[in-house]
Amino acid sequence: PRDNGSFYDYNISISKSGDAVVSEAMRYSGAREGDLRQYYRSLKDEEQKQVFQQMIKGVSATAELLDYRVNNAETLSGPFTLDLKYGVKDFFQKAGDIRIAQLPGFAIGAERIEEVSLSARRYPVKYSGSGSVLGRYFSYSITIPAGYETVSLPEPVSLSNKYGSFAAGCRQEKPDLVNCGLRWERTANTIAAKDYAQYKNFLETAANYTKKQLFFRDRAGSGK
């Protein structure tokens, strides 16, 4: 899977007001890198900017594009990478003195697992091209404001079967720093019909996990 992978590294800095600056570095390998290199090479500069603007609006309607770079789309002499920086107003949802965060890119939406939308199948699920054997890898470094404390983080989870694996979790590194990670790998391009129920459960369990949020408390807001 790592030889046909997508790697996303996020640095998220959240201000006392609840606004955030998000820096994202994206790199790829194998067929995935080739497909995306070709796609971005086909776009004009303004079209590339529009792609990034649409991308960040999927994170938040308030997101504002600050900077972006497309690296080595035109040449094979270096790795193809994307760099993105944007601001988000009101990154936290507020509930009294509790602040709730949903990590960008963390959730597995229904459109990513639509192949298991049926209750049962008579025929195998078959993946092809760059969507066959693959890996998706996310890392997050979240700097929280002074005066905030962590209430709850997504607990570590590890799932696996003969067709793939999923692992994720968060940990408190320092009082003001939380690190999170997610690894989702598919190791086969054909899912036998007899194993469909097992595979469906695996993907849906993973997707449900990624809906989890991070909870913090504003100690100043609680009167402490």
Side-chain angles (χ1 to χ4, degrees), residues 1-12 22 24-33 35-36 55-56 58-60 82 84 91 93 100-142 150-173 178-216:
R2 285 187 173 272
D3 292 333
N4 186 32
S6 302
F7 304 83
Y8 307 93
D9 298 319
Y10 290 84
N11 279 285
I12 304 171
V22 181
E24 181 181 357
M26 295 162 271
R27 56 190 175 87
Y28 308 90
S29 62
R32 181 66 173 158
E33 179 183 22
D35 287 350
L36 286 171
M55 193 182 298
I56 66 173
V59 175
S60 170
L82 303 171
L84 180 59
F91 184 80
Q93 298 178 42
I100 307 167
Q102 176 70 54
L103 297 177
F106 194 75
I108 299 174
E111 73 283 355
R112 290 200 176 278
I113 58 169
E114 60 184 0
E115 68 271 30
V116 295
S117 59
L118 299 176
S119 59
R121 285 184 66 99
R122 294 178 57 190
Y123 303 102
V125 175
K126 291 190 175 182
Y127 299 97
S128 61
S130 63
S132 54
V133 174
L134 61 79
R136 293 172 62 84
Y137 308 90
F138 296 79
S139 69
Y140 300 85
S141 178
I142 307 114
T150 301
V151 175
S152 177
L153 300 174
E155 67 281 2
V157 66
S158 180
L159 310 170
S160 64
N161 60 32
K162 62 182 179 180
Y163 297 113
S165 64
F166 174 88
C170 296
R171 63 183 183 274
Q172 186 94 38
E173 294 289 349
V178 171
N179 285 345
C180 298
L182 183 152
R183 172 180 54 80
W184 176 22
E185 297 180 336
R186 184 166 63 241
T187 54
N189 59 16
T190 301
I191 313 302
K194 65 182 179 63
D195 295 326
Y196 176 72
Q198 176 194 38
Y199 187 65
K200 175 181 173 70
N201 180 68
F202 162 69
L203 287 187
E204 291 179 341
T205 301
N208 285 336
Y209 175 90
T210 64
K211 296 175 183 176
K212 291 180 179 290
Q213 299 170 313
L214 289 69
F215 294 83
F216 305 94

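Values below: all heavy atoms of this structure, side chains included; hydrogens, waters and symmetry mates excluded.
Residue Asn189 comes nearest to Val133 through the heavy atom pair N-CG2, 4.3 Å, listed as atom of the first residue, atom of the second, then distance. Taking all atoms of both residues into account, the shortest heavy-atom contact from Ala101 to Phe216 is CB-CE1, 4.4 Å. When all heavy atoms of Lys200 and Leu118 are compared, the closest pair comes out as NZ-O, 3.3 Å. The minimum heavy-atom distance between Leu159 and Ala206, with the atom names listed, is CD1-N, 3.9 Å. Minimum heavy-atom separation, Cys170 to Val178: CB-CG1, 4.4 Å. What you find for Tyr123 and Arg121 is that their closest heavy atoms are O-NE, 2.9 Å.
Taking CD of Glu24 as the reference point, atom CG of Leu84 lies at 5.5 Å (rounded to 0.5 Å). Taken to the nearest 0.5 Å, the CD1 atom of Ile191 stands 11.5 Å off from the NZ atom of Lys126. The distance from the OG1 atom of Thr190 to the CG atom of Asp195 is 11.5 Å, given to the nearest 0.5 Å. Once rounded to the nearest 0.5 Å, the distance linking CD of Glu111 with OG of Ser117 reads 12.0 Å.
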**OP:** Given side chain to side chain contact (heavy atoms under 4.5 Å, CB included), test Glu185 with Phe166 step by step and report yes or no.
**Re:** CA-CA 6 Å; Glu185 297 180 336; Phe166 174 88; over 6 Å; no
**OP:** Would you please test Lys211 and Tyr209 for side chain to side chain contact (heavy atoms under 4.5 Å, CB included) and show each step?
**Re:** CA-CA 5 Å; Lys211 296 175 183 176; Tyr209 175 90; over 6 Å; no
Original post:
Do Ile12 and Phe91 pass the side chain to side chain contact (heavy atoms under 4.5 Å, CB included) test, and can you show the C-alpha distance, the side-chain angles, and the key distance before you say yes or no?
Top reply: CA-CA 10 Å; Ile12 304 171; Phe91 184 80; 4.1 Å; yes
Original post:
Under the side chain to side chain contact (heavy atoms under 4.5 Å, CB included) criterion, do Leu214 and Ile100 qualify, and how do the steps go?
Top reply: CA-CA 6 Å; Leu214 289 69; Ile100 307 167; over 6 Å; no
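Salt-bridge annotation for Lys212 and Glu155: present, with a side-chain N of the basic residue lying under 4.0 Å from a carboxylate O of the acidic one.
Side-chain atoms of Ile108 and Thr210, non-hydrogen and from C-beta on, do get closer than 4.5 Å to each other. Inter-residue side-chain proximity for Trp184 and Tyr137 is flagged as unmet; no heavy-atom pair is nearer than 4.5 Å. Looking only at side-chain heavy atoms (C-beta outward), Ile56 and Val22 stay at 4.5 Å or farther from each other. Counting only heavy atoms from C-beta outward, the side chains of Ser139 and Tyr10 never approach each other to under 4.5 Å. Considering only heavy atoms from C-beta on, Arg2 comes within 4.5 Å of Phe7 through its side chain. Looking only at side-chain heavy atoms (C-beta outward), Ser141 and Asn11 come within less than 4.5 Å of each other. Within the 4.5 Å cutoff, the side chain of Asp9 has heavy atoms near those of the Arg27 side chain.
Take Asn161 and apply the side-chain contact (heavy atoms from CB on, under 4.5 Å) test, not counting sequence neighbours, and it matches Tyr163, Gln198, Tyr199, Phe202. Shown here are the salt bridge (Lys or Arg N to Asp or Glu O under 4.0 Å) partners of Arg171, two or more places apart in sequence or in another chain: Glu173. When the side-chain contact (heavy atoms from CB on, under 4.5 Å) test is applied to Thr187, the partners found at least two apart in sequence or on another chain are Pro1.
Between Phe138 and Tyr8, the ring planes lie parallel to each other; the angle is under 30°, not in the 30° to 60° tilted range.
Under the 3.5 Å distance criterion, with hydrogens and angles disregarded, a donor-acceptor pair is assigned to the side chains of Arg183 and Ser165. Between the side chains of Ser29 and Asp3, no donor-acceptor pair of N or O atoms lies under 3.5 Å. A donor atom on one side chain and an acceptor atom on the other are not found under 3.5 Å apart for Ser6 and Arg136.
With hydrogens and angles disregarded, a donor-acceptor distance shorter than 3.5 Å links the side chain of Asn4 to the backbone of Arg32.
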